[in-house]
Colleague: 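Sharing a structure, written as structure tokens. Questions coming.
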Amino acid sequence: MNAAAVVPAAGRGERLGPGAPKALRELGGVPLLVHAVRALARSRAVTLVVVVAPSDGVAQVRALLDGARPEGADGPDIKVVAGGATRQESVRLGLAALPPQVDVVLVHDAARPLVPVDVVDAVARAVAEGAGAVVPGVPLADTVKLVGPASGPGRPEPVLGTPDRSTLRAVQTPQGFRRELLQQVHDRALADALDATDDAGLVEHYGGEVVVVPGHEEAFKVTRPLDLVLAEAVLARRRAQDDF
Ligand code: C5P
């Protein structure tokens, strides 16, 4: 197995409030992106990390990663390429930068800086053992309601149903793929002008099988300001336990 990671990091992160692109916001004094790349570099499975930077920030991101070279000289190679207008386009541009020998691709959001290495390894292992598409997932804490449109502005939304919570998973990244499969679904989605929020969603759309392995609560995505508070707390606990 020759696994590479593609890290889409070209989003603005508007839900986090005004400021730098989300991947460059700091957590414990270190940009989210650097945490995410280090998390991937801890896995023996990953030989290359392709970071997809905001198109006006490629040089800045390259300098940042050079200055924070994770895990010394035996870490994976790191490449930086320019991203696109959507996450899907950014992943496609990352895929285009992979050398021919790569046969497994892990797509990991820069916005998930604290993913434990065990999750990265479990996803890579499941692909190596034969799955075409693998996502880490966790059970939901909340009950989820399916809702319809409100009857007018400020009106409550009608509930249409309650899916059985035990059959639901909140999915995380890294999502792992056989490279050929991921490339195929991205090519088809481009031709069909289809946009999905995650790569496994593309595989499902075209009828491919996707399997779930256990994720981890610390692999959460930093989206809103409160997520940064939680991420700081997790990091502080890891540092206190000398485990980081
Ligand atoms: O916006 P969201 O939180 O879903 O973004 C998930 C990941 O996709 C983030 O790491 C973000 O930087 C990345 N992204 C990207 N290019 C875009 C939009 C989002 O690389 N145009």
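From a predicted model like this one, the values you see are computed outputs, not experimental measurements. Counting convention: from 1, in listed order, for ligands and their atoms alike.
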Colleague: Using a strict cut-off of 4.0 Å, indicate which atoms of ligand 1 neighbour a heavy atom of Ala110.
Modeller: 10 (O)

Colleague: Strictly by modelled atom types, are Thr223 and Arg15 linked by a side-chain donor-acceptor pair under 3.5 Å?
Modeller: no

Colleague: Taking the non-hydrogen atoms of Ala9, is any one of them nearer than 4.0 angstrom to ligand 1?
Modeller: yes

Colleague: At what distance is the nearest protein heavy atom to atom 20 (O) of ligand 1, and which residue and atom is it?
Modeller: Ala10 N, 2.8 Å

Colleague: Can you tell me the protein heavy atom closest to atom 13 (C) of ligand 1 and the distance?
Modeller: Pro8 O, 3.5 Å

Colleague: Just jot down the ligand 1 atoms closer than 4.0 angstrom to any heavy atom of Gly11, in number order.
Modeller: 11 (C), 12 (O), 13 (C), 14 (N), 15 (C), 16 (N), 17 (C), 18 (C), 19 (C), 20 (O)

Colleague: Supply the atom-to-atom distance Arg238 CZ to Gln241 CD, rounded to the nearest 0.5 angstrom.
Modeller: 9.5 Å

Colleague: Tell me: protein heavy atom nearest atom 21 (N) of ligand 1, and distance?
Modeller: Gly84 O, 2.9 Å

Colleague: I need the nearest protein heavy-atom contact for atom 16 (N) of ligand 1: residue, atom name and distance, please.
Modeller: Ser90 OG, 2.7 Å

Colleague: When you measure from atom 4 (O) of ligand 1 to every protein heavy atom, which one gives the shortest distance, and what is it?
Modeller: Lys221 NZ, 3.1 Å

Colleague: For Asn2 and Thr47, which I'm curious about, is there any donor-acceptor pair between the side chains at under 3.5 Å?
Modeller: yes

Colleague: Do you know which two heavy atoms are closest between Pro136 and Pro214, and how far apart they sit?
Modeller: CB-O, 4.3 Å

Colleague: Which pair of heavy atoms, one from Val185 and one from Tyr206, lies closest together, and at what distance?
Modeller: O-CE1, 3.8 Å

Colleague: Under 4.0 Å, counting heavy atoms only: does Arg112 come that close to any atom of ligand 1?
Modeller: no

Colleague: Per the side-chain contact (heavy atoms from CB on, under 4.5 Å) rule, which among Val58, Leu40, Val34, Leu33 passes with Val51?
Modeller: Leu33

Colleague: With a cutoff of 4.0 Å, is Thr86 in contact with ligand 1, counting heavy atoms of the residue only?
Modeller: yes

Colleague: Just do the salt bridge (charged side-chain N to carboxylate O under 4.0 Å, His left out) check on Glu218 and Arg237 with the steps written out, would you?
Modeller: CA-CA 12 Å; Glu218 293 179 7; Arg237 192 188 60 197; 2.3 Å; yes

Colleague: For atom 7 (C) of ligand 1, what is the closest protein heavy atom, and at what distance to 0.1 Å?
Modeller: Asp109 OD1, 3.3 Å

Colleague: If we set the cut-off at 4.0 Å for heavy atoms, which region of Ala85 has an atom near ligand 1: side chain, backbone, both, or neither?
Modeller: backbone

Colleague: If you round to the nearest 0.5 Å, how far is NE2 of His205 from CG of Leu194?
Modeller: 4.5 Å

Colleague: Check the surroundings of atom CD in Glu180: do more than 12 heavy atoms from other residues, nucleotides or ligands lie under 6.0 Å from it?
Modeller: no

Colleague: Quick one: nearest non-hydrogen protein atom to atom 1 (O) of ligand 1, plus distance?
Modeller: Arg15 NH2, 3.5 Å

Colleague: Heavy atoms only, cut-off 4.0 Å: how does Lys22 contact ligand 1, side chain, backbone, both, or neither?
Modeller: side chain

Colleague: Check contact between Gly83 and ligand 1, using heavy atoms of the residue and a distance below 4.0 angstrom.
Modeller: no

Colleague: List the closest protein heavy-atom neighbour of atom 8 (O) of ligand 1: residue, atom name, distance to the nearest 0.1 Å.
Modeller: Arg87 CG, 3.4 Å

Colleague: For a salt bridge (charged side-chain N to carboxylate O under 4.0 Å, His left out) with Arg87, tell me which candidate from Asp199, Asp195, Asp198 qualifies.
Modeller: Asp199

